[in-house]
Amino acid sequence: MVRLQSYVLGAWHEGAAPFRSLIDPATEEVVAETSTSGIDYAAVMNHAREVGGPALRAMTFAERGAALKAISKALYAKREWLIEVAMANGGNTRGDAKFDVDGATGTLSYYAYLGKTLGDRTYLTDGDSEALIPGNARFHGLHIRVPKRGVAVHVNAFNFPAWGTFEKAAVALLAGVPVVSKPATATAWLAYEMTKIVVESGVLPAGAFQFIGGSCGDLLDNLTGQDILAFTGSANTAATLRAGKGPVSASTAVNIEADSLNSAVLGPDVQRGDDLYHWFINSVRLEMTQKAGQKCTAIRRVFVPEGMAEAVIEDLSEELGRIVIGDPRADGVRMGPLSDMSQLDDYREGVGQLAQEAAIVYGSPTEVEARGATPGKGAFVSPVLLHCTDPHGAEHVHAREVFGPVATVMPYDGTAGDVGALVARGGGSLVSSVATSDKKFLQALALDAAAWNGRLLLVDKKVSDTVTPHGMVLPSCVHGGPGRAGGGEELGGLRGLDLYLQRSALQGNVALLNKLFA
Ligand code: NAP
């Protein structure tokens, strides 16, 4: 069994008993244990501020980018091992594990490329200088963005230990800000193995990346106004962290990526049997079952024109019936267990709540056949499809995120206005997708739903065979969503750097401004 350590103050730290067990959710066997006792978090933050920050700021964007490239390569070289760990501690199928691990290396690589394009600069400008007073051509203003002098504290969710850790780290490090990263304890083994590879690679300066291998004690009590807290996880934890001393009293920058009731909309023009219809059914099936539905971007609400619900339920049920559930190491298994035993209760309770206003039309929250599993063992669940006939009157289907393979089919009247109002009932989502070739419908719905979604995947018949999946987060597009989804924004190419940079307006002699800073 592995005992996780934390990487702090330039050395590996092993906590003392009591240890928290990390399990293989397919067998319930303990695969690792961890304790973070004895870490001096104030010293960790100071080490980042005083050692890591200055070293990163002395590097150009191109140099920081080169470091990210080297990390990506080092991780990729151990890809098979990392996939094995993700399967053992996350319940991931091989495909799920690749999605997480490759997401991490791909995002690092993308930001490495951006670093290269930014070249020998150490900070960014924001637009050109502008005259500030009419008739005075010499007095200008120029906005610049420089790295904050604090620490990027990253708190991640259990479902993407690889991607979550390194998509955040890539952006902060490129911006020139040192990182203290904390994965969710239940699945921390993968992030620990990746940190070992990063440390062994030796490409980052001392203090640039520290890792807390479990719960983080009073780390967050040390946040100041130059620090950044980037959190991914549940809305409840987000509310607690927002109310912390740093965010409330010192204006610590906070970015929250929380949960989300994402939608998929079938346009009124799409007929059963169309290519676009098949794309839609496959997309919902994929989003329900990939990573056993434990994706913040998974489709939870499926809106179809009145009269189409029966066909969609029948075809989706057929697709879901083909998904073999079981131990990810067993032949033919396409959906593994939930990541942790504690998620089982949440899934069952959540399905029970949805079933108060929607009928279960596929699967059961209490019965599942799991290939290769020991009877009675493991966090295995069945996909559950529900049908809610009164989405305007319903509450839970728009509010309860069941973090598992669960979605609800609901009718709308065929207009963009009606389905737009239903999408908005989610209170703010990470992503919604729309399948339609009706241009007017698409435009009206997109302009309405954009206010409620961080991202919209718009699929017409010309692109249905080439688009990336609904749930796939691309580093060049923003990830995050308003309201319920946390109100945060990550990635989006260079946009993501803004969280870690301070914008400052320099006012003065135009010639000096442009010579010294532009
Ligand atoms: P969670 O229970 O809120 O935990 C998230 C993280 O917060 C974990 O690292 C956890 O550490 C830590 N944490 C909890 N309480 C804390 C406290 N008082 N102080 C400091 N850290 C604290 O969420 P989860 O169950 O891991 O993740 C599932 C949720 O994340 C879902 O709702 C999902 O939608 C959401 N999610 C959102 C996104 C997105 O990008 N929007 C992505 C993935 C997941 P421990 O594990 O050590 O307790």
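Computed over heavy atoms, backbone and side chain alike; hydrogens, waters and symmetry mates excluded. Just so you know, ligand 1 is whichever comes first in the structure, and atom 1 is the first atom listed for that ligand. The structure displayed is predicted, hence computed values, not measured ones.
Residues Trp279 and His470 place their aromatic rings such that the two centres sit no closer than 6.0 Å. Note: Phe211 and Trp12 fail the aromatic proximity criterion, with ring centroids not under 6.0 Å apart.
Set against the non-hydrogen atoms of His479, the atoms of ligand 1 under 4.0 Å away are 39 (C), 40 (O). For ligand 1, the atoms sitting less than 4.0 Å from at least one non-hydrogen atom of Thr232 are 5 (C), 36 (N), 37 (C), 38 (C), 39 (C), 40 (O), 42 (C), 43 (C), 44 (C), numbered in the order shown with element in parentheses. Under a 4.0 Å criterion applied to the non-hydrogen atoms of Pro183, ligand 1 contributes the atoms 9 (O). Of all atoms in ligand 1, numbered sequentially from 1 with element shown, those under 4.0 Å from a heavy atom of Asn159 are 43 (C), 44 (C). Atoms of ligand 1 found under 4.0 Å from any heavy atom of Leu220, numbered from 1 in the order shown, are 20 (C). Distances below 4.0 Å separate heavy atoms of Val155 from the following atoms of ligand 1: 6 (C), 7 (O), 9 (O), 12 (C). Taking a cut-off of under 4.0 Å to the non-hydrogen atoms of Asp259, the atoms of ligand 1 that pass are 32 (O), 34 (O). Per-residue contacts place Leu430 under 4.0 angstrom from the following atoms of ligand 1 (heavy atoms of the residue considered): 41 (N).
Looking at ligand 1, you'll find an N or O of Lys182 within less than 3.5 Å of one of its N or O atoms. For ligand 1, the polar-atom distance check against Phe158 finds a nitrogen or oxygen pair separated by under 3.5 Å.
Residue, atom and distance of the protein heavy atom nearest to atom 27 (O) of ligand 1 are Ala157 CB, 3.4 Å. Annotation: atom 36 (N) of ligand 1 to nearest protein heavy atom, Cys296 CB, 3.6 Å. Shortest contact from atom 35 (C) of ligand 1 to any protein heavy atom: Gly233 O, 3.4 Å. The shortest contact between atom 22 (C) of ligand 1 and any protein heavy atom is with Thr237 CG2, 3.9 Å. Remark: minimum distance from atom 23 (O) of ligand 1 to any protein heavy atom is reached at Ser234 N, 3.4 Å. The nearest protein atom to atom 17 (C) of ligand 1, hydrogens excluded, is given as Leu241 CD2, 3.8 Å; this is a heavy-atom distance. What sits closest to atom 34 (O) of ligand 1 on the protein, heavy atoms only, is Glu401 OE2, 2.6 Å. Protein heavy atom nearest atom 6 (C) of ligand 1, with residue, atom name and distance: Asn156 O, 3.3 Å.
Remark: distances from the non-hydrogen atoms of Cys216 to ligand 1 include one below 4.0 Å. Under a 4.0 Å heavy-atom criterion, Phe160 is not in contact with ligand 1.
Checking atom 48 (O) of ligand 1 against the protein gives no heavy-atom contact under 4.0 Å.
With respect to Glu349 and Arg400, a salt bridge is recorded, a charged nitrogen being found less than 4.0 Å from a carboxylate O. A salt bridge links Glu80 to Arg94: at least one charged side-chain nitrogen sits closer than 4.0 Å to a carboxylate oxygen. Ion pairing between Asp259 and Arg484 holds under the 4.0 Å rule for side-chain N and carboxylate O. Ion pairing between a basic and an acidic side chain is recognised when a charged N comes within 4.0 Å of a carboxylate O; Arg3 and Glu14 show such pairing.
Here the rule is side chain to side chain donor-acceptor pair (under 3.5 Å) with Asn92, and of Lys98, Gln290, Lys291 only Lys291 fits it. Among the candidates Thr107, Leu474, Val478, the single residue satisfying the side-chain contact (heavy atoms from CB on, under 4.5 Å) test with Leu491 is Thr107.
A cation-pi arrangement is absent between Lys295 and Phe403, since the terminal nitrogen or guanidinium carbon is not both under 6.0 Å from the aromatic centre and inside a 45° cone about the axis.
Nearest heavy atom pair, residue Pro328 against residue Ala26, reads CD-CB, 4.0 Å. Nearest approach of Lys168 to Asn156, heavy atoms of both residues: NZ-OD1, 3.0 Å.
In this structure, Phe303 and His398 have parallel ring planes: the angle between them is below the 30° cut-off, well short of the 60° mark. Using cut-offs of 30° and 60° for the angle between ring planes, the Tyr113 and Tyr110 rings count as tilted.
Contacts with ligand 1 closer than 4.0 Å are made by backbone heavy atoms (N, CA, C, O) of Ala258 only, the side chain lying farther away.
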